[in-house]
Amino acid sequence: MEYSKRVMDIVDILLNQDSFVSATKLADELNISKRTIFRDMADIETLISEQGMQLLRKSKSGMKIEADEKQKEAFRQFLMRHKTVHFTQEERLNQIIIELLRSREPRKFYYFSTLLNVSDATISYDMEKVEPWFKERGITLVRKPGYGVFLEGKEIDFRKAIVDFLYQNYEHQDLVSLIDNTSNFVETVIDSEISMKVSRILSQYEDYLANRLTDQSYMGLMIHLSIAVQRILRGESIVMNPEVLAPLKSDALFKMADNIGNDIEKVFGIKFPEDELGYITMHLKGSKLKTGALIDQQDLIISNFELSRLASSMIQKFKELSGYDLREDEKLLIGLVTHLRPALTRMKLLLDIRNPLLEKIEEMYPEIFNMSTIASELIAKQFNVVIPREEIGYIAMHFGAAIERYVKLQNIEKDRKSTRLNSSHESPS
């Protein structure tokens with residue numbers, strides 16, 4: 001079985017500790033999130049078992065490996081053979097994507113085979129695997145015999161592809177660690193010095209941004225700006241359709257984008273075009289707000305009454321489809337209203353919407369997802385937008401949580417009735 005370098009590093013750390021090690025400590029040492037460690041647990045357990053060792057777990061203490069000196073030495077030899085030269089197929093594909101996104105210059109198969117320690121035939125097979133990934137993002141993978149492999153596409157599609165790759169392969173905490181610390185990965189895709197300067201610029205707007213945007217939206221803005229600066233410095237800038245840019249320039253958030261752009265110009269000594277400001281404005285308009293965050297009056301294009309009425313209609317439609325009467329669930333109504341404002345902005349501006357839980361939601365709760373799809377048609381009809389499956393996934397999460405609350409409440413009420421009934425039948429002693 002093939003194992004990632006991260007899995008082997010985790011086993012190595014555990015093997016060099018005599019006491020139990022918590023997932024938090026492992027995450028801190030490797031600059032990853034606890035969720036990433038839990039995701040790797042199956043491979044970690046398999047590798048330990050293959051080496052004849054045993055993984056012990058203790059609640060609130062963590063885990064440790066039970067092994068004798070002979071087993072430890074055998075694993076060290078295994079590590080020496082695989083750690084520096086071995087890549088799983090997933091790691092190879094990711095490395096190929098990174099290299100192609102990083103460089104616009106043609107790369108020959110020999111370059112990749114030397115980098116990844118595999119044959120040209122394996123690289124050719126891997127290229128076929130990554131080609132659909134680029135195609136889905138409007139980028140063409142070009143292979144010319146004797147010349148090399150390279151990408152063709154629009155600048156905006158390249159930037160979106162980089163952001164997609166980051167969010168597909170790294171949890172939020174991992175991205176924070178990558179940007180906060182010097183990292184080969186960051187320097188490969190996003191220059192770490194640029195990202196640190198951008199971070200300092202955004203910190204000046206803490207009241208408006210960090211205190212109002214969700215952590216994921218704030219991190220997305222930082223990545224967006226870091227990529228924009230890096231590619232402007234390389235002479236690669238975005239052009240926005242004038243018909244889209246014109247209304248954005250009169251938006252209240254365009255002034256915020258303009259202020260950020262002016263700071264970027266001073267720090268990096270570059271010209272930050274209006275087209276770039278337009279994309280920052282779109283990003284801000286499509287960002288999710290923390291619960292309770294205030295919205296400037298200029299942003300209230302859609303009234304709270306209108307959103308509340310829409311959410312209520314969706315809840316009624318869901319009742320007709322599912323039989324669950326969730327109209328008394330105040331958390332559901334507030335949750336939908338809070339979600340719909342930035343969601344509508346994202347849909348109107350055709351911004352990318354990411355939902356890492358989409359596949360799990362569709363697989364584990366297909367009925368709720370299907371009913372949410374039908375309920376979401378009310379949004380499409382009222383605002384003339386296309387509802388992406390990712391957005392439906394988020395709406396399904398709201399309805400799923402409401403159903404859990406509803407069932408729990410019904411069970412509590414049922415127990416109360418049963419208790420009262422039993423009490424009434426008991427004879428006084």
Side-chain angles (χ1 to χ4, degrees), residues 212-214 216-217 251-253 282 284-358 360-362 364-414 416-417:
R212 295 181 58 187
L213 302 182
T214 62
Q216 186 175 16
S217 293
D251 192 282
L253 291 174
M282 289 172 63
L284 291 171
K285 287 178 69 63
S287 294
K288 286 188 175 180
L289 296 172
K290 291 179 180 177
T291 303
L294 298 175
I295 303 171
D296 295 339
Q297 288 301 312
Q298 298 97 314
D299 292 339
L300 295 175
I301 301 170
I302 304 170
S303 69
N304 286 332
F305 173 75
E306 195 174 0
L307 288 175
S308 297
R309 189 170 59 181
L310 172 60
S312 297
S313 298
M314 293 172 66
I315 293 170
Q316 175 61 32
K317 173 59 72 172
F318 196 87
K319 173 181 178 293
E320 296 169 5
L321 296 167
S322 67
Y324 289 105
D325 190 351
L326 307 174
R327 291 175 296 179
E328 299 301 317
D329 190 330
E330 188 176 349
K331 282 187 177 180
L332 174 60
L333 181 62
I334 293 174
L336 284 175
V337 170
T338 303
H339 177 81
L340 283 173
R341 182 179 300 285
L344 282 164
T345 300
R346 291 193 294 270
M347 288 183 279
K348 282 178 173 292
L349 296 175
L350 302 179
L351 297 179
D352 287 342
I353 298 168
R354 298 175 183 82
N355 188 340
L357 300 176
L358 178 61
K360 285 187 178 180
I361 295 168
E362 289 183 299
M364 298 177 65
Y365 308 101
E367 292 183 356
I368 293 177
F369 185 86
N370 290 335
M371 289 185 286
S372 298
T373 301
I374 297 172
S376 298
E377 290 174 2
L378 296 172
I379 305 173
K381 183 178 180 181
Q382 183 168 337
F383 293 99
N384 191 29
V385 293
V386 176
I387 316 293
R389 297 183 70 78
E390 290 80 2
E391 202 63 71
I392 294 172
Y394 283 120
I395 292 170
M397 289 168 67
H398 283 285
F399 279 116
I403 289 175
E404 287 186 5
R405 289 192 295 270
Y406 179 87
V407 172
K408 186 177 180 179
L409 192 63
Q410 292 296 307
N411 288 336
I412 290 173
E413 187 60 31
K414 186 178 179 181
R416 285 174 179 170
K417 288 181 179 179

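Treat the numbers as computed from the prediction; the structure is a model and nothing was measured.
In this structure, the separation between CD on E367 and CG on L321 is 11.0 Å, given to the nearest 0.5 Å. To the nearest 0.5 Å, atoms OG (S322) and CD1 (I315) are separated by 11.0 Å. Separating the CD atom in E328 from the CG atom in L333 is a distance of 10.5 Å, to the nearest 0.5 Å. With rounding to the nearest 0.5 Å, the separation of CG in L284 from CG in L253 is 5.5 Å. Here the straight-line distance linking atom OG of S313 with atom CG of L378 works out to 6.0 Å at 0.5 Å rounding. Rounding to the nearest 0.5 Å gives a distance of 11.5 Å between OG1 of T373 and CD1 of I368.
At least one side-chain heavy atom of L307 sits less than 4.5 Å from a side-chain heavy atom of L344. Between H339 and E391, some side-chain heavy-atom pair lies under the 4.5 Å cut-off. With a 4.5 Å cut-off on side-chain heavy atoms, M314 and I395 count as touching. Within the 4.5 Å cutoff, the side chain of F369 has heavy atoms near those of the L358 side chain.
The heavy-atom pair separating H398 from G335 by the smallest distance is CE1-O, 3.5 Å. Across all their heavy atoms, L332 and A402 have their closest contact at CD2-CB, 3.8 Å. Counting all heavy atoms, side chain and backbone alike, S372 lies closest to A396 at OG-CA, 3.2 Å.
Each of L340, V337, I334, L336 was evaluated against S308; a single residue qualifies, V337, per the side-chain contact (heavy atoms from CB on, under 4.5 Å) test.
Aromatic ring orientation, F318 versus F399: parallel (interplanar angle below 30°, classes split at 30° and 60°).
When the shell of 6.0 Å around OH of Y324 is examined, it contains 12 or fewer heavy atoms from other residues, nucleotides or ligands. By the 6.0 Å contact criterion, CD on E320 is enclosed, its count of non-hydrogen atoms from other residues, nucleotides or ligands being greater than 12. Annotation for N384: atom CG does not count as buried by contact number, only 12 or fewer foreign heavy atoms lying within 6.0 Å.
Ionic pairing of E377 and K317 is not present here: no N-O contact between side-chain nitrogen and carboxylate oxygen is shorter than 4.0 angstrom.
Listed by first then second residue, pairs satisfying salt bridge (charged side-chain N to carboxylate O under 4.0 Å, His left out) with a partner in residues 394-406 read D329-R405, not counting sequence neighbours.
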